[in-house]
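Numbers restart at 1 for each chain; the letters A, B, ... are given by sequence-line order, proteins then strands. Hydrogens, waters and symmetry mates play no part in the numbers below; they use all other heavy atoms, side chains included.
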Protein chains: 2
Amino acid sequence: MAVERTDAARNRARVLAAAQELFATRGADQVTMDDIAQAAGVGRATLYRRYPDRASIAVALLDEHERALQARMLSGPPPLGPGAPPAERLTAFYAALVDLLEQHVHLVLGTEIGQSRYRTGAYGFWRAHVLSLLREAGTPRPEVLADVLLAPLAPDLYRYQREVLEHPPAQIRETLGDLARRVL
Amino acid sequence: MAVERTDAARNRARVLAAAQELFATRGADQVTMDDIAQAAGVGRATLYRRYPDRASIAVALLDEHERALQARMLSGPPPLGPGAPPAERLTAFYAALVDLLEQHVHLVLGTEIGQSRYRTGAYGFWRAHVLSLLREAGTPRPEVLADVLLAPLAPDLYRYQREVLEHPPAQIRETLGDLARRVL
DNA sequence: CGCCGAAGTGGACACCATGTCCACTTCGCC
DNA sequence: GGCGAAGTGGACATGGTGTCCACTTCGGCG
């Protein structure tokens, strides 16, 4: 891979910082590519050269956080990592996703602009994880149940729970934990 | 209420028929107001006079079907109507919503264009229903659990299950029935 | 049955957001 | 220090929305 030019790296950092701020304060769906370009102090061609759309920017911003979580799921300590029974692992997974949403729900919503949640790489990872837990537990129709159990983690639902219904994250976490224990 | 003029009634019928067809063949999010106006043979001001956006058109198209279902939920025979235990009622509700989505998923998606699912009138009705069943069953944190149990009925998820994963509706229905029985 | 006022109509127009183009600028290798 | 390629930015074109207002149609009333 060719080394990135310093002016390109500087502009990329400015774009991500500007987008992070705009997504957090206004919500990703109320921010235009032009808004981001102006806030970053670059032209639109500069922005489009690196990121084709807002979803790509949101994915870039989330990448580090999601990779860290995925590493903990694959090889961290139980119950998020391997070595705990499926119900405990699913409960820990739910808690971790609630934490991710609490920190970054606006970015997660941003990754879905103009594309389906179900086609994002992250969704594929979560789904594979839950599917493996269901198979281990021997539940019927795990391929259907996996998406049903992931459904409550939709970012638009989380935002509604937190900002409209004003549920504390702890209550959401506990309710999802109850669900995990009843289903597995 | 003033009687509707015959030219207005004729144009409204044409708009709804055109939108029904376009939503079914192309998907609501790929159809413009201009597409609908042209297919209906009316001007855009005529369309906008009656319907401010595509979501309103989809709501108008769904109205009859949703009202019929809501009537059955309120005063039809059990287990969809009153008189069965909560777990049976929730199972019947899930089956009825799967039927509605199987018939009209493109319209339901249309009702969410430009607005959150959670702010639609229909969602409020489903949520009130599920909440009353959870309270009757005495589950903890019913206000949180209600949305969690409604999450698997998201129309974008249903389309993904049917068109990408190719799950038959019967499997979705059975899996949701299992969930209802395990949680209540 | 004809008239009249109000409701209804339609396409030109203005606006907004996206995405591209290409002349110009900057970077980094030799 | 020079040169070629990467990078840049704002003018421009396009598509979709939503409004305007001159014109048309409807239905109630005398």
Side-chain angles (χ1 to χ4, degrees), chain A residues 1-23 25-61 106-107 109-116 119, chain B residues 1-23 25-61 106 109-116:
Chain A
M1 180 185 78
V3 76
E4 189 181 39
R5 272 174 52 160
T6 54
D7 55 347
R10 180 176 60 250
N11 284 336
R12 185 170 57 77
R14 286 164 70 177
V15 161
L16 292 179
Q20 174 93 50
E21 172 70 17
L22 288 168
F23 287 171
T25 55
R26 256 196 251 170
D29 57 338
Q30 297 302 316
V31 171
T32 69
M33 291 293 272
D34 195 40
D35 290 333
I36 297 170
Q38 287 189 19
V42 301
R44 268 197 301 284
T46 306
L47 177 57
Y48 278 95
R49 181 174 178 83
R50 182 65 48 113
Y51 301 106
D53 49 36
R54 285 166 293 167
S56 305
I57 300 170
V59 166
L61 286 166
H106 289 296
L107 292 182
L109 282 163
T111 66
E112 295 179 13
I113 293 176
Q115 66 170 344
S116 168
R119 296 185 187 280
Chain B
M1 183 185 75
V3 75
E4 189 180 39
R5 272 173 54 158
T6 52
D7 54 347
R10 182 176 60 251
N11 284 337
R12 184 170 57 77
R14 286 165 70 176
V15 161
L16 292 179
Q20 173 92 50
E21 171 69 18
L22 287 168
F23 287 173
T25 56
R26 255 195 253 171
D29 57 341
Q30 298 302 316
V31 171
T32 69
M33 291 293 272
D34 195 41
D35 290 332
I36 297 168
Q38 287 188 20
V42 300
R44 268 197 301 283
T46 305
L47 177 58
Y48 278 94
R49 182 176 178 81
R50 183 62 52 111
Y51 300 105
D53 49 36
R54 285 166 294 167
S56 305
I57 301 170
V59 166
L61 286 167
H106 290 296
L109 283 163
T111 68
E112 296 179 13
I113 293 176
Q115 66 171 343
S116 168

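- Distance check, rounded to the nearest 0.5 Å: CD of B/Gln30 to CG of B/Leu22 gives 12.0 Å.
- For DNA chain C, the span of nucleotides reached by chain A at under 4.0 Å from its heavy atoms goes, 5' to 3', from C/dA17 to C/dG28.
- With sequence neighbours left out, B/Val15 forms a side chain to side chain contact (heavy atoms under 4.5 Å, CB included) with B/Ile36, B/Ala40, B/Val42, B/Leu47, B/Tyr51.
- Of all heavy-atom pairs spanning B/Arg44 and B/Ala37, the tightest one is CG-CB, 4.2 Å.
- Scanning both residues, B/Leu61 and B/Ala19, for their nearest heavy atoms gives CD1-CB, 4.1 Å.
- Atom-to-atom, CZ of A/Arg5 to P of D/dA5 comes out at 13 Å; the value is rounded to the nearest Å.
- One finds the CG atom of A/Leu107 at 9.0 Å from the CG atom of A/Leu109 (value rounded to the nearest 0.5 Å).
- In terms of heavy atoms, A/Ala28 sits closest to A/Phe23 at CA-CD2, 3.6 Å.
- At least one side-chain heavy atom of A/Met33 sits under 4.5 Å from a side-chain heavy atom of A/Ile57.
- By the neighbour-count criterion of 12 heavy atoms within 6.0 Å, atom CZ of B/Arg26 is densely surrounded, having more than that number from other residues, nucleotides or ligands.
- Residues from residues 37-48 of chain A that place a heavy atom under 4.0 Å from any atom of DNA chain D, listed by number: A/Gly41, A/Val42, A/Gly43, A/Arg44, A/Ala45, A/Thr46.
- In this entry the distance linking CG of B/Asp34 with C1' of D/dT19 reads 14 Å, nearest Å.
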For this session: Applying side-chain contact (heavy atoms from CB on, under 4.5 Å), run through A/Ser56 and A/Val59 and close with a yes or a no.
Result: CA-CA 5 Å; A/Ser56 305; A/Val59 166; 5.6 Å; no
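- Annotation: side chain to side chain donor-acceptor pair (under 3.5 Å) contacts involving residues 6-22 of chain B, sequence neighbours excluded, comprise B/Glu4-B/Arg12, B/Arg5-B/Asp7.
- For DNA chain C, the neighbouring residues in residues 6-22 of chain B, judged by any heavy atom under 4.0 Å, are B/Asp7, B/Ala8, B/Asn11.
- Distance check, rounded to the nearest 0.5 Å: CD of A/Glu112 to CG of A/Asp29 gives 11.0 Å.
- The heavy-atom pair separating A/Ala58 from A/Gly110 by the smallest distance is CB-C, 3.5 Å.
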Exercise. Dot-bracket for DNA chain C, 5' to 3', with Watson-Crick and G-U pairs under 3.5 Å, [ ] for crossing pairs and | for other-strand pairs: what is it?
Worked result: ||||||||||||||||||||||||||||||
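- One can place CG of B/Asp29 at 14 Å from C1' of D/dG16, the figure rounded to the nearest angstrom.
- With rounding to the nearest 0.5 angstrom, the CZ atom of B/Arg50 is 9.0 Å from the CG atom of B/Leu16.
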